[in-house]
2 protein chains.
Amino acid sequence: METRMTNQKLKIMEHLQKVRTHPTAEMVYHIVSKDLPAISLATVYRNLNLLAEQGKILRLEINGEYHYDGFCDSHQHLVCTNCGKIMDLGQKEISNYAMKKIKSSDFELKSVRIIFYGVCKNCKEK
Amino acid sequence: METRMTNQKLKIMEHLQKVRTHPTAEMVYHIVSKDLPAISLATVYRNLNLLAEQGKILRLEINGEYHYDGFCDSHQHLVCTNCGKIMDLGQKEISNYAMKKIKSSDFELKSVRIIFYGVCKNCKEK
DNA sequence: ATTCATGCAAAGGGTTTGCAGGAAA
DNA sequence: TTTCCTGCAAACCCTTTGCATGAAT
């Protein structure tokens with residue numbers, strides 16, 4: 001299930017591995033366009049989906065759109081319900097605990113997604 | 001933040017409290033239409049959003065669309081990556097553990113959402 | 001009587017897809 | 001050379017919105 005390497009895919013991958021934000025396809029497109037002015041948004045979408053299927057990046061469903069995350073190690077997300085900001089949380093024990101608890105024979109467990117909702121520091125101060 | 005009671009809102013609420021599935025707006029519309037043939041999809045959306053804002057139902061983002069859940073007590077979801085089926089999981093300890101672990105002063109924590117991904121029994125057998 | 005919710009239809013926004021040309025293997 | 005990927009534009013789908021009517025308080 002390996003796919004052909006292209007400049008577009010490479011730049012997209014590199015960008016996601018560089019930042020610790022959780023950009024949408026549009027945001028990735030905007031950034032990668034600086035290096036590859038001719039790239040199209042459709043290509044960005046196709047590559048993001050491809051990479052996600054291959055398990056090389058994560059695709060998160062937050063605030064009604066997809067956000068992509070270049071880091072696949074076990075972590076969680078914090079989402080501000082006021083400004084929409086997404087932050088990382090590195091508490092492996094939480095995910096581990098959850099995964100261990102679910103030992104159902106009826107369900108072949110693959111992964112967990114844990115999202116915390118609340119109000120971020122910035123929004124709280126206002 | 002109470003809103004006016006209408007027949008439409010009532011039937012939507014009642015339906016969600018009756019089933020343990022996680023219908024989309026479209027599905028709710030389809031069911032509620034049997035009782036209220038004149039109801040519109042827009043009304044269903046408006047009421048579902050209203051109820052979710054008021055904390056009376058949950059709005060889940062799964063498989064690229066919103067699913068609604070009439071049960072707000074602490075629970076988790078299982079999602080089959082093959083057929084898209086959503087199931088409930090009632091392991092309060094998992095959510096409790098997660099919430100307890102996050103005691104950040106920088107973030108005013110409100111809730112957790114925990115989703116397990118994998119392959120359901122039905123899909124596994126094929 | 002006033003305010004708010006509804007139905008309808010149209011618009012919106014994010015994501016996917018068909019196709020012909022072009023790049024990777 | 002063959003296969004796969006790309007760019008472009010159009011299509012898609014879910015969700016939201018504006019407006020005039022009708023229902024709830």
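A, B, ... follow the sequence lines: proteins, then strands. Residue 1 opens every chain. Computation of the quantities below employed the complete heavy-atom set of this structure, encompassing side-chain atoms and omitting hydrogens, waters and symmetry-equivalent molecules.
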Specify the separation, in whole Å, of atom [atom1] of [X] and atom [atom2] of [N].
| X | N | atom1 | atom2 | value |
| --- | --- | --- | --- | --- |
| I62(B) | dC14(D) | CD1 | P | 15 Å |
| Y29(A) | dT16(C) | OH | C1' | 16 Å |
| Q54(A) | dC4(D) | CD | C1' | 13 Å |
| H67(B) | dC13(D) | NE2 | P | 16 Å |

Axial bend angle, the helix from dA1(C)-dT25(D) to dA25(C)-dT1(D): five-pair end segments, nearest 10°: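 Rounded to the nearest 10 degrees, the bend comes out at 40°.
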Heavy-atom protein contacts under 4.0 Å, nucleotides 4-14 of chain C, coded B base, S sugar-phosphate only, - none: BSBBBB----S
Pairs satisfying ring-ring contact (aromatic ring centres under 6.0 Å, His included), at least one member in residues 27-65 of chain B, at least two apart: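 Qualifying pairs: none.
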Closest non-hydrogen atom pair, K56(A) against M13(A):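 Nearest heavy atoms, K56(A) then M13(A): O-CE, 3.6 Å.
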Listed partners of Y97(A) passing ring pair (Phe, Tyr, Trp, His ring centres under 6.0 Å), at least two apart: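 So Y97(A) forms a ring pair (Phe, Tyr, Trp, His ring centres under 6.0 Å) with Y97(B).
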Set of ring pair (Phe, Tyr, Trp, His ring centres under 6.0 Å) partners for H75(B), sequence neighbours left out: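 Testing H75(B) for ring pair (Phe, Tyr, Trp, His ring centres under 6.0 Å), a comparison that skips the adjacent residues, returns H77(B).
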Short side-chain N/O contact from N49(A) to OP1 or OP2 of dT16(C), under 4.0 Å: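 It does, given that an N or O in the side chain of N49(A) lies less than 4.0 Å from OP1 or OP2 of dT16(C).
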Within 6.0 angstrom of K124(A) NZ, more than 12 heavy atoms from elsewhere: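 Enclosed.
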Set of side-chain hydrogen bond (donor to acceptor under 3.5 Å, both in side chains) partners for T24(B), sequence neighbours left out: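 T24(B) satisfies side-chain hydrogen bond (donor to acceptor under 3.5 Å, both in side chains) with no other residue.
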